[in-house]
Enquirer: 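The following block contains the structure, expressed as structure tokens.
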Amino acid sequence: MARSDPAFRADVLAGLSAPIPAVPARWLYDRRGSELFEEITRLPEYYPTRTETALLERYSGEIAAMLGKGEAVVEFGSGSSTKTPILLRAVHPAAYVPIDISGEFLRESADALREEFPDLAIHPLEADFMRRLDLPIEVAAAPKLGFFPGSTIGNLVPRTAVDLLRAMKETLGDGSRLVIGMDRIKDVEVLLAAYNDAAGVTAAFNLNLLHRINAELGGTIPVEAFRHRAIWNDRMSRIEMHLEALRDVAFTVSGTPFAFAAGATIHTENSHKYGYRDSRLLLRAAGWGVVHDWTDEREYFSIILAEAEPPRFAP
Ligand code: AVJ
């Protein structure tokens, strides 16, 4: 059995026995899951990455023109994507601080960026950015620009998203700005296709969670007894990924028995979609005022520049 994370075990054991069985989405992103997600970003049906990258290529000059000089760019996530260099090339920051919970991903992406930006001061920070953090002392005096691309915010239910955005504001401090990517509400067929790709990569990504439970937590789950399902939950304005039992199935995880009837599901991920005003309200609820919103012709995706609102004094 591979190295097992006590937090993974606790989340799986509690999640599988909950009234609505669910495992937090972050456990989808082990090494294999992250590889599969990279593959998802290149699928023809998966429009978000392509659309956001094109928006950044087109508008990062405009974004940079709205900022001051000598910014420290603070990325929430390790910045392994191709989006980070696009922003860095336009903004010419004084420093770059990638924050990630995985030191391994952090080191890999920092090394890659050092090659492309030999003169840029890079200060990786291994930490959980869901809470307020102390940034490296070297960037204390610089104005901060947060960067949170990828519509990762959509993984979180709105109340948790607001907690995160507020924590980001506290981490970045007064006068800071934030560039954030958010996926828009659109035709359900387009959304469903993006999460039910014809090549089955999203299915493999979702089912990988079961393989991971078997490998790391001594699970006996018959993976072939489950299938990937992605649905649009209109009331919650989100795509949901589930793993659905194809027959009655029983298994153990770390010795604990579980049983799922045919048709029962394990909820594995949410991907919230926001309308134009929804995204503004979400940001405002956390103390961020929208400066500008850039979207594509089809209005599939938005890149939003926000600024930390000063403490309110009236009314
Ligand atoms: C990484 C959360 C932005 O919600 O679109 C893609 C994850 N899951 N296909 C998304 C995902 C299935 C992705 N995010």
Side-chain angles (χ1 to χ4, degrees), residues 22-56 75-84 99-102 105 109 129-130 147-158 160-161 164-165 179-212 226-233 236-244 265-274 278-279 282 296 298 300-304:
V23 175
R26 68 188 182 106
W27 301 114
L28 291 166
Y29 299 88
D30 64 345
R31 168 102 12 215
R32 179 78 187 123
S34 300
E35 280 166 14
L36 286 166
F37 177 66
E38 285 295 321
E39 222 178 293
I40 288 172
T41 65
R42 294 190 290 270
L43 292 169
E45 300 96 327
Y46 193 75
Y47 62 84
T49 310
R50 194 170 299 119
T51 310
E52 185 181 37
T53 304
L55 285 170
L56 275 172
E75 180 161 2
F76 298 95
S78 71
S80 63
S81 69
T82 53
K83 296 160 203 163
T84 308
I99 308 174
D100 203 275
I101 195 118
S102 157
F105 285 137
S109 61
F129 57 70
M130 294 298 294
F147 187 42
F148 195 43
S151 189
T152 311
I153 193 78
N155 264 179
L156 308 176
V157 298
T160 316
L164 171 59
L165 290 166
V179 170
I180 181 167
M182 287 200 206
D183 199 13
R184 293 284 204 90
I185 299 169
K186 60 186 65 61
D187 283 349
V188 175
E189 298 74 54
V190 175
L191 287 169
L192 287 175
Y195 295 84
N196 279 305
D197 64 281
V201 183
T202 309
F205 170 70
N206 198 4
L207 288 160
N208 176 57
L209 178 69
L210 301 181
H211 289 295
R212 185 180 182 192
F226 286 86
R227 69 158 177 162
H228 163 72
R229 291 257 288 147
I231 59 160
W232 171 248
N233 183 334
M236 302 288 198
S237 194
R238 69 193 185 200
I239 288 282
E240 296 176 3
M241 289 207 318
H242 296 261
L243 291 163
E244 184 188 45
T265 78
I266 305 166
H267 188 172
T268 51
E269 193 174 48
N270 289 318
S271 193
H272 293 81
K273 310 302 175 190
Y274 291 99
D278 300 333
S279 54
L282 189 77
D296 55 290
R298 298 183 295 188
Y300 274 11
F301 201 95
S302 276
I303 287 176
I304 298 168

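Keep in mind that the numbers below use all heavy atoms, side chains included, and drop hydrogens, waters and symmetry copies. Counting convention: from 1, in listed order, for ligands and their atoms alike.
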Enquirer: Identify which of Y46, Y47, F205 has a heavy atom lying nearest to atom 10 (C) of ligand 1.
Expert: Y46

Enquirer: Which residue and atom name correspond to the protein heavy atom nearest atom 8 (N) of ligand 1, and how close is it?
Expert: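 Among all protein heavy atoms, the one nearest atom 8 (N) of ligand 1 is E269 OE1, 2.5 Å.
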
Enquirer: Measure the spacing between CZ of R42 and CG of D197 and express it to the nearest 0.5 Å.
Expert: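 CG of D197 is found 12.5 Å from CZ of R42.
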
Enquirer: When only distance counts, is S271 in polar contact with ligand 1, meaning an N/O pair under 3.5 Å?
Expert: yes

Enquirer: Would you check whether G150 reaches within less than 4.0 Å of ligand 1, judged by its heavy atoms?
Expert: yes

Enquirer: Would you please say whether a donor-acceptor pair under 3.5 Å links the side chains of N233 and N270?
Expert: no

Enquirer: Quick check on contacts: which atoms of ligand 1 are under 4.0 angstrom from a heavy atom of N155?
Expert: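 Counting atoms of ligand 1 from 1, those under 4.0 Å from N155 are 2 (C).
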
Enquirer: Distance check, rounded to the nearest 0.5 Å: L43 atom CG versus E39 atom CD?
Expert: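 Going from CG on L43 over to CD on E39, the span is 7.0 Å.
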
Enquirer: Taking a cutoff of less than 4.0 Å between a non-hydrogen atom of the residue and any ligand atom, is S151 in contact with ligand 1?
Expert: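 The answer is yes: ligand 1 sits under 4.0 Å from a heavy atom of S151.
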
Enquirer: Working to the nearest 0.5 Å, report the span between CG of L156 and OG of S271.
Expert: 10.5 Å

Enquirer: If you round to the nearest 0.5 Å, how far is CD1 of I304 from OG of S279?
Expert: 3.5 Å

Enquirer: Heavy atom under 4.0 Å from ligand 1: found in Y29's side chain, backbone, both, or neither?
Expert: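 Under 4.0 Å from ligand 1, Y29 contributes side-chain atoms alone.
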
Enquirer: Number the atoms of ligand 1 from 1 as they appear, then name those within less than 4.0 Å of a heavy atom of M241, with their elements.
Expert: 12 (C)

Enquirer: Is it the case that ligand 1 has an N or O less than 3.5 angstrom from some N or O of Y195?
Expert: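 Yes, Y195 has an N/O under 3.5 Å of an N/O on ligand 1.
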
Enquirer: Is the side chain of D296 donor-acceptor paired with the backbone N or O of R298 at a distance under 3.5 Å, no angle test?
Expert: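 Yes, the answer is positive, given that a donor and an acceptor are paired below the 3.5 Å cut-off.
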
Enquirer: Assign the ring pair F76 / F129 to parallel, tilted or perpendicular, where the plane angle (0 to 90°) is split at 30° and 60°.
Expert: perpendicular

